[in-house]
Undergrad: 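Below is the structure I would like to discuss, written out as structure tokens.
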There are 2 protein chains.
Amino acid sequence: MTRAGRPRGFVEAQVIGGARDVFWLRGYAASSLRDLTEATGLLPGSIYSSFGGKRDLFVRTLEDYAAGARQAADELRAAAPALPAIRAFLVGAVDAARVSPGRGCMLGNTAVELLPEDDTAREIVRKAFHDLEDGLAAALVNAQQDGEIRSDLDACPHARQLLALVQGLHVTARAEADPHRLVDAVDAALDALRPIV
Amino acid sequence: MTRAGRPRGFVEAQVIGGARDVFWLRGYAASSLRDLTEATGLLPGSIYSSFGGKRDLFVRTLEDYAAGARQAADELRAAAPALPAIRAFLVGAVDAARVSPGRGCMLGNTAVELLPEDDTAREIVRKAFHDLEDGLAAALVNAQQDGEIRSDLDACPHARQLLALVQGLHVTARAEADPHRLVDAVDAALDALRPIV
DNA sequence: ACTGTTCTTGATTGGTCGGCCAAAAATATG
DNA sequence: CATATTTTTGGCCGACCAATCAAGAACAGT
């Protein structure tokens, strides 16, 4: 086996990361090849020959982001105590809007921008949402076992509620200047789950 | 004062409505002037001379949509009994995703697509979100007075929670095939507010 | 019928887009 | 060094975009 040829001048993970930040901030359609070349250091020809074009590069970055979401779900599942971890996950959406305005969650952004017509992206987002929902459900069960929340509640639908809540926080945070109001909303949602004293 | 001149060949409300449906479905950037001419019956020149261009037409449609949201908020405020009206408002997001896939809420869509850089749109969305939040808070107070939900909860942060929840439902519904799972999430959120028997 | 005004028409314009390609550059191997 | 292989380079292409504008059309008033 000959192993000849010019070596690649880039680290793939860095290119994916740079492109992901562009798509994350601007969305798919509004990200031009020029934006991508500036963010990755690659020229259009290299993007085309190495990844197959803008669309394929986007799918790669979305998969990269979804892998991060799965990791967050695993951390939720393993966290102890569970309730503070759930709260940190929700408040994280509010903090992200403050630290990095205009980005939100790339899964939700993709769902809003191009999910009716794009089956590939839909499947990635659907699976990532399910991973997060499962992680939240496991954390809720752990919290129930530790007496942090009411044990008479069904964990699965509440996990779906919290997933929708965190996606909604990413959306409303874009128009809400005061982060405290959103943290209050998080605490309201979690207080309603606590046992009555 | 002379009132001469060729009469307009369109009804403004119909044009706004047609353009709103295009922007609602595709978003701002992905809506081409061609889409708009087909949906409104106007040609590019008329759009330009009558509304000032794509951007101004979008702002008009967004204001139209925001007016509908304010009306929904008023109906929430006046509804009796209040809790079923709140539930219907939330379930409406799930039903909308089933009946009209890929549209979601135009306020949330706009927030996700272009709010960092667009102050005009941000203000419209921010105000509409506040209207909805106020309507939800009033409905929650009414529900508390009627004993439908716990009276020890603070209505305002819970209204913000429900606003984020409904926006999140619009997002997650785009990737979730089964509406029942989302209705269960709505009921989970509302059950947690009910008084303990 | 004539004039002034307003609206509509549809082609044009300048610009940007994603995709593509041929040549140059950079390596490993013989 | 010579060759084969792979990557990079940077400009080019047709397509589409929003915006514009000059000419035509449809009215009210005189």
Side-chain angles (χ1 to χ4, degrees), chain A residues 1-62 109-110 113-114 117-118 120-121, chain B residues 1-62 109-110 113-114 117-118 120-121:
Chain A
M1 285 301 137
T2 70
R3 262 194 346 109
R6 177 170 175 171
R8 291 197 156 173
F10 62 89
V11 178
E12 187 171 288
Q14 288 179 357
V15 171
I16 297 288
R20 183 202 55 209
D21 288 345
V22 172
F23 286 128
W24 192 356
L25 179 64
R26 303 203 197 283
Y28 174 74
S31 297
S32 69
L33 270 193
R34 191 163 190 281
D35 295 329
L36 294 170
T37 59
E38 289 176 358
T40 63
L42 267 58
L43 289 170
S46 290
I47 291 179
Y48 182 78
S49 66
S50 298
F51 296 94
K54 178 185 173 184
R55 166 59 170 275
D56 306 80
L57 180 57
F58 174 76
V59 171
R60 289 288 301 272
T61 66
L62 186 60
N109 299 353
T110 302
E113 182 180 2
L114 47 82
E117 52 222 353
D118 188 328
T120 303
Chain B
M1 286 304 125
T2 71
R3 259 194 347 108
R6 177 171 176 172
R8 291 197 157 175
F10 61 89
V11 179
E12 186 170 291
Q14 288 178 357
V15 171
I16 298 289
R20 183 202 55 208
D21 288 344
V22 171
F23 286 129
W24 192 356
L25 179 65
R26 302 202 197 286
Y28 173 74
S31 296
S32 69
L33 269 194
R34 190 163 190 278
D35 295 328
L36 294 170
T37 60
E38 289 176 358
T40 63
L42 268 57
L43 289 170
S46 291
I47 292 180
Y48 182 79
S49 67
S50 300
F51 297 94
K54 179 184 174 185
R55 165 60 168 273
D56 306 80
L57 180 58
F58 174 76
V59 171
R60 290 288 300 274
T61 66
L62 186 60
N109 300 353
T110 302
E113 183 181 1
L114 47 81
E117 52 221 353
D118 188 326
T120 304

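Below, read A as the first sequence line, B as the second, and so on, with proteins coming before strands; counting in each chain starts at 1.
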Undergrad: With sequence neighbours left out, what residues match B:E38 under side-chain hydrogen bond (donor to acceptor under 3.5 Å, both in side chains)?
TA: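 If we apply the side-chain hydrogen bond (donor to acceptor under 3.5 Å, both in side chains) test to B:E38, skipping adjacent residues, the hits are B:R34.
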
Undergrad: Assess whether a salt bridge exists between B:R55 and B:D118, defined as any Lys/Arg side-chain N lying under 4.0 Å from an Asp/Glu carboxylate O.
TA: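 Looking at B:D118 together with B:R55, the answer is yes, because their closest N to O distance falls below 4.0 Å.
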
Undergrad: Output the residues of residues 35-42 of chain A in contact with DNA chain D, where contact means a heavy atom of the residue under 4.0 Å from an atom of the strand; sort by number or write none.
TA: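 None, since no heavy atom is under 4.0 Å.
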
Undergrad: Between B:K54 and B:L36 (side chain of the first, backbone of the second, donor and acceptor by atom type, cut-off under 3.5 Å), is there such a pair?
TA: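 Answer holds: no.
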
Undergrad: Between atom CG in B:L43 and atom P in C:dG10, what is the gap in whole Å?
TA: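 Taking atom P of C:dG10 as the reference, CG of B:L43 is at 6 Å.
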
Undergrad: Any side-chain N or O of A:S32 below 4.0 angstrom from OP1/OP2 of C:dC17?
TA: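 A:S32 to C:dC17 OP1/OP2: side-chain N or O found under 4.0 Å.
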
Undergrad: Let me confirm one number: the OH-CG distance from A:Y28 to A:L62, rounded to the nearest 0.5 Å.
TA: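 If I round to the nearest 0.5 Å, the distance is 12.0 Å.
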
Undergrad: Can you list, pair by pair, the side-chain donor-acceptor contacts under 3.5 Å of residues 15-25 of chain A, counting residues two or more places apart and other chains?
TA:
from: A:R20; atom 1: NH1; to: A:D64; atom 2: OD2; distance (Å): 2.9
from: A:W24; atom 1: NE1; to: A:R103; atom 2: O; distance (Å): 3.4
from: A:W24; atom 1: NE1; to: A:G104; atom 2: O; distance (Å): 2.9

Undergrad: List the atom of A:R26, the atom of A:S31, and the distance in Å for their closest heavy-atom pair.
TA: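 Smallest heavy-atom distance, with atoms named: CB-OG, 3.5 Å.
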
Undergrad: Could you run through nucleotides 19-24 of chain C and give me one letter per nucleotide, 5' to 3': B if any protein heavy atom sits under 4.0 Å from the base, S if only the sugar-phosphate is that close, - if neither?
TA: BBB---

Undergrad: Rounded to whole angstroms, how far apart are CZ on A:F58 and C1' on C:dG18?
TA: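 Going from CZ in A:F58 over to C1' in C:dG18 covers 16 Å.
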
Undergrad: Check side-chain hydrogen bond (donor to acceptor under 3.5 Å, both in side chains) between B:T120 and all other residues, then give those that pass, not counting sequence neighbours.
TA: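 Partners of B:T120 by the side-chain hydrogen bond (donor to acceptor under 3.5 Å, both in side chains) criterion come out as none, since no residue qualifies.
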
Undergrad: Whole angstroms only, please: what is the CZ-P distance between A:R34 and D:dG11?
TA: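 One finds 13 Å between P of D:dG11 and CZ of A:R34, rounded.
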
Undergrad: Atom CZ of B:R8 and atom P of C:dT6: how far apart are they, to the nearest Å?
TA: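 Taking CZ of B:R8 and P of C:dT6, I get 11 Å after rounding.
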
Undergrad: Test of understanding: with side-chain hydrogen bond (donor to acceptor under 3.5 Å, both in side chains), list the residues that count as partners of A:R8, not counting sequence neighbours.
TA: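 With neighbours one apart ignored, the set is empty.
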
